[in-house]
Amino acid sequence: MNAAWNAVIGLEVHCQLATASKLFCACRNAFGEPPNTLVCPLCTGQPGALPVLNREALELGLRAALALGCEVAARSKFDRKHYFYCDLPKGYQISQYDQPLCSGGGLTLATGKRVRLKRIHLEEDAGKAIHDRGQVTLVDLNRAGVPLIECVSEPDISTPAEAHEYLSALKEILQFAGVSECDMEKGSLRCDVNVSVHRAGTPLGTKVELKNLNSFAHVVAALEYEIRRQIEAYESGEPSRAPVQETRLFDVQRGETRTMRAKEDAHDYRYFPDPDLPPFHVTREHLERARAHLPELPAARRKRYTDTLGLCEYDAGVMTSSRALADYFEATLRFSSSAKDVANWLGNEVLALFKDPSSGVRAVDELTFKPFDLAQLIELADSGKTNRAGARTILRAMCSTPKAPRELLRDLGLEQIEDTAQLERWCREVLAGSERIVAEVRGGNEKALGALIGPVMKLSGGKAKPQAVRDLLGRLIAERGSAG
Ligand code: ADP
Ligand code: ZN
Ligand code: MG
């Protein structure tokens with residue numbers, strides 16, 4: 001019997017660096033500005049304009065290299081990569097060919113499997129061609145010259161799920177390190193996929209490159225389709241169907257891939273060293289500066305949150321789902337004694353605000369209240385000054401007013417009711433109209449009690465403490481039982 005088919009996958013990920021300016025000129029590096037407003041003679045390819053390497057881009061590239069455990073080359077150079085397209089005014093892209101910024105390094109997946117990196121190099125982005133209703137093509141050069149790193153993996157990935165995990169982990173690290181925003185919707189993270197199939201123990205098959213993958217879900221769907229297609233092609237035994245080295249586009253609507261062009265070989269690009277840019281040496285100073293700015297990475301934070309702060313794995317994962325959230329969590333902890341409570345409030349109530357359009361906040365950086373205020377609110381809830389629902393109402397109000405939680409507690413009249421005589425009157429009122437439920441509780445069905453709490457809370461205008469109501473109801477039912 002033949003050995004089973006194995007898929008072999010390698011990813012090439014492009015990330016726009018979060019620099020203030022472009023890679024070789026002083027134009028601003030920004031997304032979403034009016035077309036062709038962030039341009040100069042250099043990034044529009046005018047003759048005579050000379051490039052100068054952006055120091056910040058080099059630092060961010062080095063930071064990525066350090067975060068991923070790569071070996072940084074002492075000497076590195078830029079090469080011209082030629083191709084002809086309207087979004088590339090010079091007719092070549094400045095990239096790195098045989099002496100990239102760094103090599104080696106990699107990522108470890110949850111299973112312990114290591115995905116190695118081949119290299120990371122610096123290059124400039126091209127402009128954007130917009131095909132307007134098939135009539136004309138418009139060119140926007142705002143993106144031309146924006147700095148990129150290209151992270152090329154070894155073909156160590158074996159399944160679409162592993163590809164997804166690798167991408168998520170890579171994105172998380174680059175975001176935490178402040179290297180890139182890694183926002184696929186804005187195109188600051190883009191991914192090309194290389195895939196082949198072969199039978200275990202035989203040489204690797206011919207690889208096919210997939211492009212046009214605009215989300216991690218598309219990467220997975222395209223890989224699933226393509227792996228199946230290649231296996232079927234080999235199994236058909238028809239030489240004419242055997243996969244060829246080519247670039248294929250993923251068609252989202254149809255969920256299939258189709259030929260775009262034969263894959264270029266390196267010689268098609270006629271690489272040669274860019275004579276306008278001297279080779280550069282990465283000094284110890286460069287490296288030290290990059291290292292000094294490398295923050296604690298997500299995996300290390302998760303470990304600290306579970307081992308030192310006592311969070312469960314799940315909460316630690318939620319708190320490190322973005323750098324902004326993790327930083328906010330730690331800032332709030334400076335004013336609060338319970339990491340568990342802070343994680344609970346951030347992970348449940350605050351994240352729920354982001355999902356609710358009426359809250360007016362969509363992300364941590366849009367929060368108007370400060371970590372100190374959140375800690376105060378948690379304190380109000382923990383000390384029983386207001387109940388959970390009341391605290392939630394205050395939290396919402398905090399999104400639109402600068403008032404402190406304590407003030408809002410008073411202004412909104414959300415202080416928890418502590419007057420037990422009043423509570424008792426409400427409980428008796430509800431009990432009087434609920435003979436059937438009372439009988440059930442008395443018959444041993446403790447859970448039935450739950451149905452009585454809601455009506456009492458309602459009578460209290462939401463201000464009673466649910467636990468106090470539960471206790472009181474239980475006591476009153478028991479008393480009636482012994483009296484009758
Ligand atoms: P090229 O010279 O064609 O660009 P590279 O060796 O630079 O090829 O590899 C490009 C990408 O393709 C890398 O991510 C690498 O891991 C992947 N790759 C290489 N060989 C294979 C293969 N046989 N199957 C799948 N992916 C591969
Ligand atoms: Zn420019
Ligand atoms: Mg390549």
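Numbering of ligands and ligand atoms starts at 1, following listing order. None of the values given here were measured: they were computed from a predicted structure.
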Closest candidate by heavy atom, reference atom 13 (C) of ligand 1, pool Cys151, Gly205, Gly10, Ser153: Ser153

Taking Arg248 for its side chain and Thr257 for its backbone only, find out whether a donor-acceptor pair lies under 3.5 Å. yes

Considering only heavy atoms, does Val8 approach ligand 1 within less than 4.0 Å through its side chain, its backbone, both, or neither? both

Distance check, rounded to the nearest 0.5 Å: Asn142 atom CG versus Asp125 atom CG? 11.5 Å

Residues Asp79, Lys77; criterion salt bridge (Lys or Arg N to Asp or Glu O under 4.0 Å); working and verdict: CA-CA 7 Å; Asp79 301 279; Lys77 73 175 168 62; 2.6 Å; yes

Under 4.0 Å between a Lys/Arg side-chain N and an Asp/Glu carboxylate O for Arg304 and Glu296? yes

Exercise: do Glu209 and Thr247 side chains pair donor with acceptor under 3.5 Å: yes

Of all the heavy atoms in Lys118, does at least one lie under 4.0 Å from an atom in ligand 1? yes

Give the atom numbers and elements of ligand 1 that come within less than 4.0 Å of a heavy atom of Ser196. 22 (C), 23 (N), 24 (N), 25 (C)

Could you tell me whether Tyr269 atom OH has more than 12 heavy atoms of other residues or ligands within 6.0 Å of it? yes

Using the Zn ion (ligand 2) as the vertex, how large is the angle between SG of Cys27 and SG of Cys43, rounded to 10 degrees? 110°

Among side-chain atoms of Glu285 and Thr283, is any donor-acceptor pair under 3.5 angstrom? no

Step through the shown structure and confirm whether more than 12 heavy atoms of other residues, nucleotides or ligands are within 6.0 Å of OH on Tyr314. no

The atoms of ligand 1 lying under 4.0 Å from a heavy atom of Leu204, numbered in the order shown, are 23 (N)

Is there at least one pair of N or O atoms, one from Lys207 and one from ligand 1, spaced under 3.5 Å apart? yes

Answer side chain, backbone, both or neither: which part of Val152 comes under 4.0 Å from ligand 1, heavy atoms only. side chain

Taking distance alone, with no angle check, do Ile9 and ligand 1 share an N/O pair under 3.5 Å? no

Hey, is Thr206 touching ligand 1 through its side chain, its backbone, both or neither, going by heavy atoms under 4.0 Å? neither

Under 4.0 Å from a heavy atom of Glu154: which atoms of ligand 1 are those, numbered in the order shown and with their elements? 16 (O)

